[in-house]
Amino acid sequence: MKRLFFRIGHVLLLFVVLQVVAGCEDDEISVSEAPSKEATYKPAEEEAGEEPIKIGFSMDTLLEERWLKDRELFKQAVEDLGAEVEIIAANGEDALQVWQAERLIERGIDLLVVVPHNAEATATIVERAHDAGIKVISYDRLVKNADVDLYVSYDNELVGELQAKAITSLAPKGKYVYIGGAETDNNAHLMKKGVFKVLDPLIEKGDITVVYDQWTKDWVPTNAQKNMEEALEANDNQIDAVISANDATAGAAIQALDAQGLAGKIPVAGQDADLAAAQRIVTDTQTLTIYKPIQALAETAAELAVKLAKGEEVEEDRTVNNGKVEVPSVLLSPIAVSKSNIVETIIDDGFHTKEEVYQFVED
Ligand code: BGC
């Protein structure tokens with residue numbers, strides 16, 4: 001009995017330490033409700049050796065709307081498959097993300113799923129997991145220069161292509177601003193590659209000039225707003241189009257445009273189908289977002305995670321080079337959403353309700 005109390009006490013202590021070291025509020029860090037292995041009541045067959053599969057989910061941040069959806073939907077999907085999940089987020093700090101992943105590994109997970117904050121720094125996590133015989137799935141963002149076992153994401157290059165195709169059809173000529181994502185995130189590079197695949201021929205023809213092109217440190221919107229302000233100032237407000245790597249940065253760019261009386265006057269693209277972006281689209285200050293149904297990503301990743309954890313074969317569509325190996329990859333298709341198809345995409349899918357999206361539209 002004493003031993004049992006000691007064990008439960010130990011588990012509680014570890015839980016408290018995880019919360020304290022992360023230094024975050026509840027919103028920014030989460031360990032799933034699923035208790036640790038030691039404290040879990042086990043039915044008779046599990047005592048006989050059939051323990052449920054346990055997945056660890058190491059997230060970068062929960063500060064953006066989409067990651068909260070990823071957390072909930074991934075947890076649900078894993079549990080629907082009869083497995084357990086422990087989730088922890090690193091508040092955008094590299095050392096903390098590595099530390100947290102190490103704790104998950106120590107606690108006996110069967111497989112680790114990682115959303116890296118920093119594509120390079122998280123290679124250590126893959127090494128640590130492999131040392132413990134645990135496979136690693138890169139979720140949404142690719143871990144670079146490491147032997148990642150599987151990558152599950154959307155086609156991020158296509159995200160950029162879809163943005164640029166839509167915006168160039170509205171502004172075929174003129175001065176463009178590109179507000180990139182975080183330089184430390186491989187997705188930001190893929191998205192930019194997709195955008196310039198479309199812009200380059202138009203730049204060569206002389207139709208388009210990219211007058212401003214900057215990364216947004218850590219994807220933080222205030223950094224994007226500063227970038228947009230700089231771009232406006234340097235060009236005497238003579239900007240014809242803005243492509244922004246996600247909706248949070250697009251929102252910030254639109255605030256900078258608004259301060260100059262330009263919101264709604266030039267096309268702006270973002271990504272993620274955030275509620276605020278959907279609201280801007282129907283009120284005409286943002287032109288386009290790229291919708292990536294998170295449920296499909298979470299369910300695909302959960303299914304493949306449980307399979308890999310059981311040692312089963314998984315089928316991948318293709319491979320993506322991460323600087324070290326060709327990583328087997330499953331890449332889902334993103335969807336371009338503007339005012340004209342917002343109902344049959346985001347709303348019909350239940351990603352946001354019609355009431356929420358149209359709440360600022362007057363009848
Ligand atoms: C994701 C985007 C997200 C961004 C900032 C990217 O890696 O693909 O959906 O908006 O990170 O969190």
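Whatever order the structure lists them in is the order used to number ligands and atoms, beginning at 1.
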- [ ] Flag the pair K75 and E79 as a salt bridge only when some basic side-chain nitrogen lies within less than 4.0 angstrom of an acidic carboxylate oxygen.
- [x]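 Looking at K75 and E79, the cut-off is met.
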Task: Pairing residues for R128 by the salt bridge (charged side-chain N to carboxylate O under 4.0 Å, His left out) criterion, not counting sequence neighbours - done: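 Testing R128 for salt bridge (charged side-chain N to carboxylate O under 4.0 Å, His left out), a comparison that skips the adjacent residues, returns E102.
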Open item on the list: Run the salt bridge (charged side-chain N to carboxylate O under 4.0 Å, His left out) test against R141 and tell me which residues pass, sequence neighbours left out.
Closed with: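 Checked R141 against salt bridge (charged side-chain N to carboxylate O under 4.0 Å, His left out); matches are D60, D185.
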Open item on the list: Residue by residue, ordered by chain and number, which ones reach under 4.0 Å of ligand 1 with a heavy atom?
Closed with: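 Residue list for ligand 1: E64, R66, W67, D140, R141, D185, N187, M191, W219, N246, Q271, D272, K292.
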Task: side-chain contact (heavy atoms from CB on, under 4.5 Å) against N223, all qualifying residues, sequence neighbours excluded - done: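 Once residues adjacent in sequence are excluded, the partners of N223 under the side-chain contact (heavy atoms from CB on, under 4.5 Å) criterion are T216, K217, V220, K226.
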- [ ] Report the C-alpha separation of Y291 and F351 in whole Å, then their side-chain angles, then the decisive distance to 0.1 Å, and conclude whether the ring pair (Phe, Tyr, Trp, His ring centres under 6.0 Å) test is met.
- [x] CA-CA 9 Å; Y291 170 45; F351 201 70; 4.9 Å; yes
Open item on the list: What's the separation between atom NZ in K339 and atom CG in D284, rounded to the nearest 0.5 Å?
Closed with: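 Output value for this atom pair is 3.5 Å.
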